[in-house]
Asks: 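The structure follows.
Below, chains carry the letters A, B, ... as their sequence lines are ordered, and counting in each starts from 1.
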There are 2 protein chains.
Amino acid sequence: MLEAAAGLVKRHGPDALTMRGLAAALDTAVTSIYWHVGGREALLDALVERTVAELGEIRPCGRTPEERVAGVARDLRRQLRDHPHLVALVHERGLTERMFLPAQRVLVREAHAAGLRGARAAEFVRAVQFQVVGHVLVERNRERAPAQHPDERELWSTETAGDDPVLARALALPVDTERLFETATRALVRSLLAPTSPTCPPDSAG
Amino acid sequence: MLEAAAGLVKRHGPDALTMRGLAAALDTAVTSIYWHVGGREALLDALVERTVAELGEIRPCGRTPEERVAGVARDLRRQLRDHPHLVALVHERGLTERMFLPAQRVLVREAHAAGLRGARAAEFVRAVQFQVVGHVLVERNRERAPAQHPDERELWSTETAGDDPVLARALALPVDTERLFETATRALVRSLLAPTSPTCPPDSAG
DNA sequence: ACCTGAACACCGTTCAAGT
DNA sequence: ACCTGAACACCGTTCAAGT
């Protein structure tokens with residue numbers, strides 16, 4: 001039954017999961033679902049629970065901590081993108097974060113490997129987590145966006161952008177989210193893993 | 001009528017906006033709404049349009065480009081957080097990005113001020129945008145999350161985290177999103193505005 | 001041009017009744 | 001213990017009919 005529900009969600013999205021529809025798919029009465037799982041809310045809870053438990057396999061690889069963290073981030077993003085509907089459900093019910101507990105452990109290990117400890121390591125872990133989840137949420141958002149009135153593309157295509165036509169042209173193109181994610185993540189990781197104090201150049205006293 | 005709809009959404013969230021409820025609030029028949037705006041979908045479209053148009057006032061201040069960009073990011077985050085329900089609607093309809101067009105212009109100016117041009121400037125603008133939107137989406141997600149089974153806090157409170165009790169304790173505390181946003185944004189901005197090539201130290205050939 | 005009530009096809013949920 | 005159909009209170013939407 002949970003299987004059938006997951007199937008419906010995977011194929012047609014969370015809204016397609018109606019009690020009557022599920023009952024029809026299971027060739028049973030609507031009310032028997034209530035006896036087994038108890039209401040739509042409980043059904044979604046169970047589904048989300050299952051999804052959260054299923055995701056989480058991560059094995060870091062790479063030479064430097066920066067590379068390994070970037071790889072972990074990339075894997076996480078991939079996992080989230082591969083199950084858009086289920087992740088949407090998890091997100092809808094506010095559990096996106098809990099899905100990340102296994103990843104947190106891996107990131108802690110990498111922070112330590114880079115020489116980061118204590119509060120700064122904790123901040124690093126969370127910054128990467130927010131980066132990944134945030135990026136995926138924005139991507140999902142963009143993908144759902146219908147072509148709208150003064151669209152980003154056409155708006156920048158008529159703009160000079162302060163004598164920088166290359167920039168205007170770049171912003172008129174659709175975003176290469178893959179590349180943007182890589183660049184932003186690496187920039188963030190590099191900066192946070194840097195051994196020196198945030199506001200001082202590398203050869204300063206600290 | 002649009003006013004009344006906005007009021008309902010602001011107070012009780014998008015789901016509270018029902019055609020029958022709105023009709024009652026306006027003391028009219030349900031069907032007359034259909035004559036004026038035409039269906040719930042169109043009503044939400046109009047509402048979102050209004051919200052997108054209203055947001056957008058940004059004036060950067062600070063000494064360095066890094067400071068100004070961080071300030072802009074902070075303002076954007078604040079705006080988004082101040083209208084959670086309307087922003088949720090905008091997000092739901094996939095228009096969060098379009099809301100950011102005015103901000104993009106400001107960021108372009110700052111990128112130029114920092115000496116960044118062309119494709120790299122475009123990437124910078126988008127990285128900051130994704131950073132802000134992403135962070136706010138994650139925050140919203142976290143706030144909606146009910147206290148759940150093995151919660152982040154209690155999970156890390158029993159963990160040793162590889163001989164780093166300070167880190168374990170830090171991860172057992174709730175996230176200081178304000179601070180995390182500031183740290184992550186500055187790290188990202190600093191790294192992207194750095195004049196040197198990403199993978200080389202400052203005194204290298206480039 | 002503007003508003004109306006009745007009706008339709010959905011929805012989640014409850015409940016008394018079956019086996 | 002498990003399943004059922006009927007019924008309830010909601011939804012968004014349509015449509016013919018009013019003024």
Asks: Atom NZ in A:K10, atom NE2 in A:H83: separation rounded to 0.5 Å?
Replies: 6.5 Å
Asks: Among the nucleotides D:dC3, C:dG5, C:dG12, which one has an atom lying closest to any side-chain atom of B:A29?
Replies: C:dG5
Asks: Side-chain contact, heavy-atom cut-off 4.5 Å: B:R50 with B:E3?
Replies: yes
Asks: Within this structure, what is the CZ-to-C1' distance between A:R40 and D:dC11, rounded to whole angstrom?
Replies: 13 Å
Asks: Between A:R78 and A:E178, does at least one N-O distance fall below 4.0 Å, as a salt bridge requires?
Replies: yes
Asks: With a 4.0 Å limit, can you tell me whether B:H36 has a side-chain N or O closer than that to the phosphate oxygens OP1/OP2 of C:dC3?
Replies: yes
Asks: Side chain of B:M19 only, please: which of C:dC11, D:dC3, D:dG12 is the nearest?
Replies: D:dG12
Asks: Measure from CH2 on A:W35 to P on C:dA16 and round the result to the nearest Å.
Replies: 18 Å
Asks: Paired with D:dA9: which nucleotide, if any, by Watson-Crick or G-U wobble criteria at under 3.5 Å for both distances?
Replies: none
Asks: Would you mind reading off the distance between A:D27 atom CG and D:dC3 atom C1', rounded to a whole angstrom?
Replies: 13 Å
Asks: Tell me the interatomic distance from A:Y34, atom OH, to C:dA16, atom C1', rounded to whole angstroms.
Replies: 17 Å
Asks: Just compare C:dT14, D:dT14, C:dA7 and give me whichever is closest to any side-chain atom of B:T31.
Replies: D:dT14
Asks: Whole-Å distance between D:dT13 C1' and B:L22 CG?
Replies: 15 Å
Asks: Quick check on D:dC10: is either OP1 or OP2 less than 4.0 Å from any side-chain nitrogen or oxygen of B:T18?
Replies: no
Asks: Parallel, tilted or perpendicular: which describes the rings of B:F181 and B:H135, with under 30° parallel and over 60° perpendicular?
Replies: perpendicular
Asks: Please report the distance, rounded to the nearest Å, between CE in B:M1 and C1' in C:dC2.
Replies: 12 Å
Asks: In this structure, how many angstroms lie between the P atom of D:dT13 and the CD atom of B:E41, rounded?
Replies: 7 Å
Asks: How many Å lie between CG on B:D15 and P on C:dC11, as a whole number?
Replies: 17 Å
Asks: Select base, sugar-phosphate, or nothing to describe what B:S32 touches, counting heavy atoms under 4.0 Å on all strands.
Replies: base
Asks: What's the closest nucleotide to the B:R20 side chain, out of D:dA1, D:dT13, C:dT13?
Replies: D:dT13
Asks: Answer whether the closest heavy-atom distance between the side chains of A:L47 and A:L17 falls below 4.5 Å.
Replies: yes
Asks: For C:dA16, give its Watson-Crick or G-U wobble partner with both distances under 3.5 Å, or none.
Replies: D:dT4
